[in-house]
2 protein chains.
Amino acid sequence: MVKRRLTAQERYAQVVKVAMRLFSQKGFKGTTTRTIAQQAGISEAIIFKHFAKKEDLYSAIIDMQCNDRQGQSILMKRLENKKGREIFKEIASFLIQKHRDDPTFMKLLMFSALEGHKLSNIFMKTRGMETLDFLAKYINNLIKNGRFKKMEARLAARAFLGMVLYYSITQEVYGMKKFFRTPVKRVVDTFVDIFFEGMKRRRG
Amino acid sequence: MVKRRLTAQERYAQVVKVAMRLFSQKGFKGTTTRTIAQQAGISEAIIFKHFAKKEDLYSAIIDMQCNDRQGQSILMKRLENKKGREIFKEIASFLIQKHRDDPTFMKLLMFSALEGHKLSNIFMKTRGMETLDFLAKYINNLIKNGRFKKMEARLAARAFLGMVLYYSITQEVYGMKKFFRTPVKRVVDTFVDIFFEGMKRRRG
DNA sequence: ATATATAGTAAGCGTTCACTAACTATGATG
DNA sequence: CATCATAGTTAGTGAACGCTTACTATATAT
């Protein structure tokens, strides 16, 4: 088994991947370039051939994550044949499962926001807002056709995303999954039921 | 203006306070003992007279925060004359306002969870669970007297806290307050309305 | 086969980190 | 006023940090 020499692009991508994992586990300050090099199986100098400064690794991660529409398109496919309550169920279970299977990006985003890097800013302004607006738009439709009561749609969207994403944060980051092992389906059903019933327009 | 020499206890408390502020701004790894000393107006060596290791500052913060029942008792006083929907409104506005006025502890807790310190673990196991159980118990009462539908109370409590706390996180940590300036009252009314109506038992 | 571009390494640079030893200044007490 | 416990300082320590320099190994093109 001989290690093939990687091309610049391959190595670049690998280092970004390793850095992302480590930043999400230990934070930017908590991750050393030495460790990144070790985990990537190369010498430190190689990292600095590709990235002038350690900080530049963060920019590369931003590019990668902001351009990666894979997760979004998977979700959109899953939403195609759904409507009403099922839309919210699909979104909730998608998010909870995604973060349960791999909390890397969620943690990275939290670290980024706390450490004041641009990643969280850029991501929130683009992808975060997209998600919020998508939900708000959908909620607005339900308001217009009278199934939901009049309501500030974006605020309602934040309420829904709050239930779901704070659940993921407490489970995966705050370690609640050691104490609460409720099946995803029940969690989703409960959250969506509360939200959907709470949003319903009622006569009288 | 001559600086009085502080007693050991006074200095101890001051250093903990400064450390807490800095840890919440820059994280544990991102805060140097030099900076703590500077901000406290003393030399580094003094810190190590009180705390054998930098890590011990974290333990001191845990003690301080876990024993501080001030916020909780203020909230309990405010809840005394309230019932029904007003309880949830009071809790929501208390949490949102508290974190808006001073997000220090929220950020500290997030950093602690991400950096894997004991603070978040201990706090969640004690105070976090207390809050959750308080809410769950209250929700259970409303279920028993038939105003709320049958429901896993703890999960419902997490849904409500999720709306509220994720709102605070996005506002204060993810920088959403630059874009969303909705008055607290409207946010609280919206969230509580969704939750309370969503939880209501309905005939038929 | 040889030249050339480049992936990769070894070794160490100056700086900053957590932490310490050896000392000095202050203030309360007799 | 002298004593003495202790709050506080100065000036470092070795180790670890981000980053660089000067070099070697390997794949590819002619």
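Throughout, protein chains are lettered first and strands after them, A, B, ... in sequence-line order, and every chain is numbered starting at 1.
- At least one cation-pi condition fails for B:K200 and B:F148: the charged atom is not both under 6.0 angstrom from the six-membered ring centre and inside a 45 degree cone around its axis.
- Among the nucleotides C:dG8, C:dA18, D:dT20, the one closest to any side-chain atom of A:F48 is D:dT20.
- Distances shorter than 4.0 Å separate none of the side-chain N or O atoms of A:R5 from OP1 or OP2 on C:dT6.
- Looking at heavy-atom distances under 4.0 Å, B:T31 makes contact with sugar-phosphate atoms alone, never a base.
- Contacts of A:I42 with the nucleic acid, taken as non-hydrogen atoms under 4.0 Å apart, involve only primed sugar atoms and P, OP1 or OP2.
- A residue-by-residue look at A:T7 and B:K53 shows that A:T7 has its nearest nucleotide of DNA chain C further toward the 5' end.
- Salt bridge present: B:K185 and B:D189 bring a charged side-chain N and a carboxylate O closer than 4.0 Å.
- For C:dA18, the OP1/OP2 oxygens have a side-chain nitrogen or oxygen of B:T33 closer than 4.0 Å.
- Distance CD1 (A:I36) to P (D:dC17): 11 Å, rounded to an integer number of Å.
- Rounded to a whole Å, the CD atom of A:Q38 is 12 Å from the C1' atom of D:dA16.
- Contact check on A:R85 versus A:E197 returns a salt bridge, with a Lys/Arg side-chain nitrogen under 4.0 Å from an Asp/Glu carboxylate oxygen.
- The separation between A:Y12 atom OH and C:dG8 atom P is 15 Å, rounded to whole Å.
- Using a cutoff of 4.0 Å between basic side-chain nitrogens and carboxylate oxygens, A:E130 and A:R69 are scored as salt-bridged.
- The side chain of A:A45 lies closest to C:dT9 when the candidates are C:dT9, C:dC17, D:dG18.
- Looking at heavy-atom distances under 4.0 Å, B:K49 makes contact with a base.
- Between C:dA18, D:dG8, D:dC17, one nucleotide has an atom nearer to the side chain of B:L6 than all others, and that is D:dG8.
- Between the CD1 atom of A:I46 and the P atom of D:dT21 there is a distance of 16 Å, rounded to whole Å.
- Computed from coordinates, the A:K29 NZ to C:dT16 C1' distance equals 11 Å when rounded to whole Å.
- Between A:E115 and A:K29 no salt bridge is recorded (no basic side-chain N to carboxylate O distance below 4.0 Å).
- Counting any heavy atom pair closer than 4.0 Å across all strands shown, B:S43 reaches a base atom.
- Nearest to the side chain of A:A8, among C:dA18, D:dT20, C:dA7, sits C:dA7.
- One can place CD1 of A:I47 at 14 Å from P of C:dA10, the figure rounded to the nearest angstrom.
- Put simply, B:R34 has no side-chain N or O that comes within less than 4.0 Å of OP1 or OP2 on C:dA18.
- Computed from coordinates, the B:E10 CD to D:dT6 C1' distance equals 14 Å when rounded to whole Å.
- Between B:E44 atom CD and D:dG12 atom P the separation is 15 Å, expressed in whole Å.
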